[in-house]
Structures are given as C-alpha cells and as structure tokens.
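Written below as structure tokens is the structure these notes are about.
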Amino acid sequence: MRQAGRYMAEYRAVREKFGFLELCHHPDAAAEVTITAVERLGVDAAIIFADILLVLEPMDVGLEFSPGDGPLLRRPVRTPADVARLAAYDTNDALAFVYEAVRRARQGLSGRVPLIGFSGAPFTLASYLIEGSGSRHYVQTKAFMYEHPGAWHDLLALLARLVNSYLSAQIAAGADAVQLFDSWVGCLSPDDYRAFVLPHSRAALDGLSSRVPVIHFGTGTGGLLGLMREAGGDVIGVDWRIALDAAWSVIGPDRAVQGNLDPVVLLAPPAEIRRQAAAVLARAARRPGHIFNLGHGILPETPVDHVRALVDAVHELSQSA
Ligand code: CP3
C-alpha cells in the first residue's frame with residue numbers, strides 16, 4: 001500500500017517544495033520519498049513513490065490532484081467517441097521519469113529491502129477516466145459498461161496494453177516485484193467481473209510473473225477472489241472485510257496472500273494495534289506465503305509512531321514461536 005504520505009512530516013516537508021504531480025515527475029525527489037518512508041517505518045519492502053493514475057496523464061485527459069479533493073480529470077471519457085479519440089502512446093518515453101525513479105530508489109536502497117513497482121488495473125483506471133474523479137457507486141462507469149460494451153472492451157484493452165508495457169518497463173528498471181491495484185473493482189458482481197474485467201486484467205499481467213512476483217490487489221473483493229486469482233498474480237492482496245484464512249481458502253494454497261489489517265486500526269492505542277496484528281497473524285497460522293500488510297492505504301490522520309509500533313509488533317510476533 002502507500003507508505004509515504006501526508007501523515008509523515010518528512011513527506012509534508014518535501015511537498016512544500018513540489019506539487020504532487022511535480023514530485024512524481026522528479027526522480028530524485030520521488031526516490032528520496034520512497035527511501036525515507038522505509039527508513040522511518042522500518043518496513044521490509046519499499047514501494048516506488050508514484051501514483052496509479054500516472055498512466056492516464058499522457059492521454060491528455062486533464063489529470064490534476066487538488067489538495068483535499070483528490071484526483072480530478074478535466075476531460076473525462078463519457079461516450080464511445082471519447083474512447084475512440086484516446087490514443088495509445090509510448091510508455092517508454094512518456095513515463096520514463098517513473099523508471100528513472102525506480103533506478104535511483106533501487107540504487108539508494110542498495111539491496112536493504114526489495115522495491116515494488118505498481119500500476120492501476122484497467123478497471124480502476126477506466127473508473128477514473130469515466131467518472132472524472134473518485135466515486136461512491138461507480139454509476140457512470142457501470143452504465144457505460146452496460147450501454148457500450150464494444151467501446152468498454154476497446155477502452156480496457158487499450159489500458160491493459162499500456163499497463164503491461166508500463167509494468168514491464170518498471171521491472172526492466174529494477175523493480176523486484178510489481179503490484180496491480182484494482183482498488184475499486186469490488187463494486188462489481190462476479191458475473192460482471194468475469195465478462196467485463198477478467199480478460200483485461202489477465203492481459204495487463206501477461207508475461208510478468210515469469211520475471212518477478214506479481215501482486216494483484218483490490219478492496220471489497222471477498223466475492224471476487226477466485227476470479228482475481230484466475231486473472232493472475234502470484235500474490236493476491238485482500239482488505240479487512242474478509243478474514244485472512246477464509247480469503248486464503250478461496251484463493252488456494254498455491255498462491256501467496258497479502259493483508260489484511262484495517263488501516264483505521266492504526267488510530268487505536270498501540271496495545272489494540274498489537275492485538276489486531278496478532279489476530280491477522282493467527283489466521284495466517286505461519287503458512288508460507290503470507291505477506292503482512294494493511295488492507296488499504298494509510299490515512300492522513302495516522303500517527304507515524306503507531307505505524308512504527310505495528311511494524312515492530314509484526315516483526316516480533318512473527319519471529320517468536
Ligand atoms: O509509499 C508510497 O510512495 C506510495 C505511493 C502511492 C501513491 N498512490 C502516492 C499518493 C501509491 C502506491 C498510490 C496508489 C494509489 N493512488 C491508489 C491505489 C491504492 C489505493 O489506495 O487503493 C489509488 C486509488 C490512487 C489514486 C489517488 N491518489 C487518490 C484517490 C488520491 C487522493 C487521496 C488522498 O489521500 O489524497 C491520490 C493522491 C496521492 N497519491 C497521495 C499520495 C502520497 C496524497 C497526495 C498529496 O501528497 O497531496
């Protein structure tokens with residue numbers, strides 16, 4: 001999940017000098033933010049400082065991040081004609097600044113912890129393209145999907161090609177693993193996931209697993225885990241709305257599982273954080289292939305010391321017999 005963010009004073013200090021997108025476009029600063037988060041938190045992996053929506057920026061949809069309101073697209077996709085106008089672009093040129101950040105972060109980490117690259121998944125990217133922002137019910141996204149299935153599949157196929165080459169280039173630049181964030185796909189029924197999303201997520205991940213481990217994550221996906229596994233990923237990420245052992249029994253013993261502490265638990269007193277971390281570890285029951293993680297990103301109001309306390313608790317509890 002996100003580890004750098006506004007909850008961290010070091011991050012806020014860097015953000016005084018750069019706008020959010022501007023920071024993403026400065027490889028040195030992005031690498032520094034990535035590494036500072038690892039050092040401050042004591043976590044076992046780094047995630048490159050970037051955003052899932054960067055892959056949409058070269059499509060000329062007017063991507064902005066306004067403080068407080070989150071991402072906004074000035075020119076959203078509302079009709080099949082809008083889809084036809086979207087051009088594929090060369091991810092090697094347009095997103096070169098991300099690969100440079102990956103190279104510099106990896107160099108700065110000098111093997112201390114692995115570095116995770118990432119992208120948004122076709123469905124979640126399409127939801128931002130169509131809604132023009134975050135959404136509660138994804139009404140416009142689903143309406144588009146049902147009304148214009150041909151244009152929908154064209155759009156997701158285009159996004160899948162871009163995501164596949166973007167992730168592939170992050171691996172070439174040195175990412176030790178990659179994560180596909182299908183953050184909002186949990187709004188779909190299993191039948192709709194299979195018909196409208198699965199082939200495109202599979203295409204987005206095609207060929208990557210043979211190079212590095214691939215993590216496939218979404219939230220609210222309790223009813224979709226078997227299908228997400230079918231779409232691909234060596235590791236399936238789950239949020240806290242399903243018990244880790246229940247999730248794992250659907251996903252199957254031949255896949256690793258990442259998760260799944262509720263990020264809001266980090267606002268609780270450290271004793272409760274430790275108790276809840278122990279409960280997640282108990283459900284993992286020391287099976288190989290559990291990656292302890294939050295079920296979603298850290299909230300801005302989270303005390304950094306509480307994150308540190310969680311990291312310490314997980315290290316301690318997963319070492320003792
Ligand atoms: O540790 C790191 O370096 C994290 C890098 C990272 C960011 N975004 C930076 C970011 C990662 C892994 C993401 C993923 C991301 N971005 C997701 C998938 C994860 C998830 O939460 O499901 C999504 C849906 C987005 C889209 C996005 N970006 C939203 C909805 C927002 C606004 C919400 C908010 O907290 O303001 C962003 C902005 C964003 N991306 C911030 C950061 C650090 C905060 C922006 C700021 O500094 O003002």
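Counting convention: from 1, in listed order, for ligands and their atoms alike.
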Original post:
Could you walk me through whether F118 and F217 pass the ring-ring contact (aromatic ring centres under 6.0 Å, His included) check?
Top reply: CA-CA 11 Å; F118 70 93; F217 165 80; over 10 Å; no
Original post:
Under a 4.0 Å N-O cut-off, is there an ion pair linking R12 with E16?
Top reply: no
Original post:
Do the side chains of W184 and L198 join up, straight or via other hydrophobic residues, at under 4.5 Å, putting them in one cluster?
Top reply: yes
Subject >> For atom 45 (C) of ligand 1, the protein heavy atom that lies nearest, with its residue and separation >> reply: F20 CD1, 3.8 Å
Original post:
What do you reckon, does A50 put a non-hydrogen atom under 4.0 Å from ligand 1?
Top reply: yes
Original post:
Under the salt bridge (charged side-chain N to carboxylate O under 4.0 Å, His left out) rule, what pairs show up with a residue in residues 235-252, not counting sequence neighbours?
Top reply: D239-R241, D245-R283
Subject >> Identity of the nearest option to atom 3 (O) of ligand 1, non-hydrogen atoms only, from W184, F49, F18, F65 >> reply: F49
Original post:
Is there side-chain contact between Y128 and I52, with at least one heavy-atom pair below 4.5 Å?
Top reply: yes
**OP:** Please state whether P71 comes within less than 4.0 angstrom of ligand 1, counting heavy atoms only.
**Re:** yes
Original post:
What is the closest protein heavy atom to atom 20 (C) of ligand 1, and at what distance does it sit?
Top reply: H296 NE2, 3.0 Å
Original post:
Is the shortest N/O to N/O distance between D51 and ligand 1 below 3.5 Å?
Top reply: yes
Subject >> Contacting atoms of ligand 1, where contact means under 4.0 angstrom from a heavy atom of A4 >> reply: 1 (O), 2 (C), 3 (O), 43 (C)
**OP:** For G70, take its heavy atoms, then give the atoms of ligand 1 lying under 4.0 Å from any of them.
**Re:** 32 (C)
Subject >> Heavy-atom gap V33 to ligand 1 smaller than 4.0 Å >> reply: no
Subject >> Pairing residues for L72 by the side-chain contact (heavy atoms from CB on, under 4.5 Å) criterion, not counting sequence neighbours >> reply: E64, R74, S133
Original post:
Which of these, T219, D192, T221, sits in a side chain to side chain contact (heavy atoms under 4.5 Å, CB included) with V185?
Top reply: T221
**OP:** Run down the list I298, I52, I35 and name the one with the heavy atom closest to atom 14 (C) of ligand 1.
**Re:** I52
**OP:** Could you find the nearest protein heavy atom to atom 33 (C) of ligand 1 and give me its residue, atom name and distance?
**Re:** R2 NH2, 3.8 Å
Subject >> Under-4.0 Å heavy-atom contact with ligand 1, by part of P300 that carries it >> reply: neither
Subject >> Beyond-backbone contact of D176 with I116, side-chain heavy atoms, under 4.5 angstrom >> reply: no
Subject >> Which of the ligand 1 atoms, numbered from 1, are nearer than 4.0 Å to a heavy atom of Q3 >> reply: 1 (O), 2 (C), 4 (C)
Subject >> Among F181, Y128, Y7, F118, closest by any non-hydrogen atom to atom 19 (C) of ligand 1 >> reply: F181
Subject >> Atoms of ligand 1 close to S183 [distance to a heavy atom under 4.0 angstrom, numbered from 1] >> reply: 18 (C), 19 (C), 20 (C), 22 (O), 24 (C)
Original post:
Among the clusters formed by ILVMFWY side chains lying less than 4.5 Å apart, do F97 and F20 turn up in the same one?
Top reply: yes
**OP:** Give the atoms of ligand 1, by number and element, whose distance to some non-hydrogen atom of Y11 is under 4.0 Å.
**Re:** 43 (C), 46 (C), 47 (O)
**OP:** Show which atoms of ligand 1 fall inside a sub-4.0 Å distance from at least one heavy-atom site of R15.
**Re:** 46 (C), 47 (O), 48 (O)
**OP:** Starting from atom 36 (O) of ligand 1, find the nearest protein heavy-atom neighbour and note its residue, name and distance.
**Re:** R6 NH2, 2.7 Å
Original post:
Would you call Q3 and M8 a side-chain contact if the rule is heavy atoms closer than 4.5 Å?
Top reply: no
**OP:** Identify whether W240 and I291 are in the same connected component of the hydrophobic contact network (ILVMFWY, side-chain heavy atoms under 4.5 Å).
**Re:** no
